[in-house]
There are 2 protein chains.
Amino acid sequence: MDRKLLFRNFVHFMANVHQITNDMTKDAKTEDITQVQYKILEYITVSQSVTITEISDCLHVSLPNTSRELRKLIEKNLCKKVSDESDRRKYYIQLTEKGNALMEEAFRKIQLQFDERIKHLTDEELQEINKAVEVLQQKIFS
Amino acid sequence: MDRKLLFRNFVHFMANVHQITNDMTKDAKTEDITQVQYKILEYITVSQSVTITEISDCLHVSLPNTSRELRKLIEKNLCKKVSDESDRRKYYIQLTEKGNALMEEAFRKIQLQFDERIKHLTDEELQEINKAVEVLQQKIFS
DNA sequence: GTAGTTAGTTGTCAAATGATAATTGTTTTT
DNA sequence: AAAAACAATTATCATTTGACAACTAACTAC
């Protein structure tokens, strides 16, 4: 396997992924939240319960800035802090009902766009796609 | 094929792609350029010769803002404007030698990270990955 | 040839994001 | 028990990015 070629294909692929997902998530945000705030909510959504430092590390946003954005999200009643009983310096961040509803709505909209993209495909092709996602997920993005 | 499940896998996959590519491109920028400026250079790199409006459209940056960022990139001697002979309102944007060198360096660094990720894989697995990328590229991101 | 459209520019303002220093309260180490 | 390390916050400032209005120059259609 020509690794140089693989890399080129991969880079091109990644650029496309970014562009398309930008398109798809563009109108997904109903509420008045910023891009970073959306990313934070998304991260909380897929990770369920996370500390503030974890959010900061994974999203590459400094701890002070993460703290600031979380304050805004909490003010908007989209998430809440839960104190860790065994280490009272820590807080776990969780979505509120409102936050959950917001993200579900966002995902619903993204799914509409996604469905639009795959609507002309056969069941076989969909399985092929699912397989491809699994492969990449497992071999590269794990 | 369960479309709901496919979508969930896909969303999770996209989130991972974003995170990993962020990691990979984080240190790729040698020069003193901003995120948006890097995106523009990347787009010019993969697309070869593009107009300002095309850049604006594809990257979802308004025309005035695209124009401004391009001015900065041109001042930094990373790209240049070439007038379209048949329509003198238009300009094609191309990388300068310096810009080309910058992007090659960036890609080299990204490739290092990429190689790190795939170094333990067999040739068969690499071909599997290449196939997966092709499938997604063709069926979804085209 | 004139009205309308298109490609791009300039200038300005507000908001979002990034960076950093100083501080508080808690836990761990020694 | 003091010192060091850790999690998070607050405050402040610079930079980046986004949005919009007004403009120029070139092209198109009628």
Side-chain angles (χ1 to χ4, degrees), chain A residues 18-19 22-23 25-44 47 49-76 78-94, chain B residues 18-19 22-23 25-44 47 49-76 78-94:
Chain A
H18 271 95
Q19 207 159 303
N22 273 354
D23 281 0
T25 56
K26 200 169 181 51
D27 314 309
K29 319 187 320 252
T30 322
E31 196 92 355
D32 171 38
I33 57 176
T34 70
Q35 197 59 37
V36 172
Q37 285 167 15
Y38 178 80
K39 279 276 158 219
I40 291 177
L41 288 182
E42 190 185 65
Y43 184 69
I44 300 171
S47 311
S49 188
V50 282
T51 67
I52 301 176
T53 300
E54 279 176 298
I55 296 173
S56 167
D57 285 347
C58 290
L59 301 184
H60 306 298
V61 176
S62 73
L63 199 55
N65 291 337
T66 305
S67 176
R68 172 185 56 192
E69 297 308 322
L70 278 172
R71 180 175 47 71
K72 292 178 192 167
L73 286 172
I74 290 168
E75 276 167 9
K76 287 173 188 171
L78 293 170
C79 60
K80 60 185 174 200
K81 287 200 280 195
V82 178
S83 196
D84 181 342
E85 288 307 314
S86 66
D87 184 345
R88 284 182 17 241
R89 291 170 303 180
K90 284 189 194 170
Y91 293 98
Y92 293 103
I93 305 296
Q94 291 170 8
Chain B
H18 271 94
Q19 207 159 304
N22 273 354
D23 283 357
T25 56
K26 197 167 182 51
D27 314 310
K29 319 187 318 251
T30 322
E31 197 90 356
D32 171 37
I33 55 175
T34 70
Q35 197 59 36
V36 172
Q37 285 166 14
Y38 177 82
K39 279 276 156 220
I40 290 177
L41 288 181
E42 190 185 65
Y43 184 69
I44 299 172
S47 311
S49 188
V50 281
T51 66
I52 301 177
T53 301
E54 278 176 297
I55 297 174
S56 167
D57 285 348
C58 290
L59 301 184
H60 305 300
V61 177
S62 73
L63 198 55
N65 291 338
T66 304
S67 176
R68 172 184 57 191
E69 296 310 321
L70 278 173
R71 180 176 48 71
K72 292 178 191 166
L73 287 172
I74 290 168
E75 277 166 8
K76 287 173 188 169
L78 294 170
C79 58
K80 61 186 174 200
K81 288 200 277 193
V82 177
S83 195
D84 181 342
E85 288 308 315
S86 67
D87 183 346
R88 282 172 30 234
R89 290 169 305 179
K90 283 190 194 169
Y91 293 98
Y92 292 104
I93 305 296
Q94 291 170 7

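Residue numbers start from 1 in every chain, and the chains themselves are labelled A, B, ... in the order their sequence lines are given, proteins ahead of strands. All values below come from the heavy atoms of this structure, side chains included, with hydrogens, waters and symmetry mates left out.
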Below 4.0 Å: OP1/OP2 of D:dA8 and any side-chain N or O of A:Thr53: yes

B:Lys39 vs D:dT16: side-chain N/O to OP1/OP2 distance below 4.0 Å: no

Closest nucleotide among [options] to the [X] side chain:
X       : options                : answer
A:Thr34 : D:dA7, D:dT9, C:dT17   : C:dT17
A:Lys72 : C:dT17, C:dA19, D:dT16 : C:dT17
A:Val61 : C:dG8, C:dA16, C:dG18  : C:dG18
A:Thr51 : C:dT9, D:dA8, C:dT17   : D:dA8

Return the value, rounded to whole Å, for the distance between atom [atom1] of [X] and atom [atom2] of [N].
X       : N      : atom1 : atom2 : answer
B:Ile55 : C:dG8  : CD1   : P     : 9 Å
B:Tyr91 : D:dT24 : OH    : P     : 16 Å
A:Gln37 : C:dG18 : CD    : P     : 12 Å
B:Arg71 : D:dT16 : CZ    : P     : 13 Å
B:Glu85 : C:dA7  : CD    : P     : 18 Å
A:Asp84 : D:dA8  : CG    : C1'   : 13 Å
B:Ile40 : C:dG8  : CD1   : C1'   : 14 Å
B:Asp57 : C:dG8  : CG    : C1'   : 13 Å

Does any N or O donor sit under 3.5 Å from an N or O acceptor when you compare the side chain of [X] with the base of [N]?
X       : N      : answer
B:Arg89 : C:dT6  : yes
B:Asp87 : C:dA7  : no
B:Arg68 : C:dG11 : no

Under-4.0 Å salt bridge between A:Glu69 and A:Lys72: yes

pair A:Ile74-A:Cys79: side-chain heavy atoms closer than 4.5 Å: yes

A:Glu42 and A:Tyr38, any side-chain heavy atoms less than 4.5 Å apart: yes

Residue of the set B:Arg89, B:Lys81, B:Lys90 for which side-chain contact (heavy atoms from CB on, under 4.5 Å) holds with B:Thr51: B:Lys90

Contact nearer the 5' end of DNA chain C, comparing B:Leu63 with A:Pro64: B:Leu63

Residue closer to the 5' end of DNA chain D, A:Lys90 versus A:Asn65 (nearest nucleotide): A:Lys90

Sidechain-backbone polar pair: B:Lys76 side chain, B:Asp32 backbone, donor-acceptor under 3.5 Å: yes

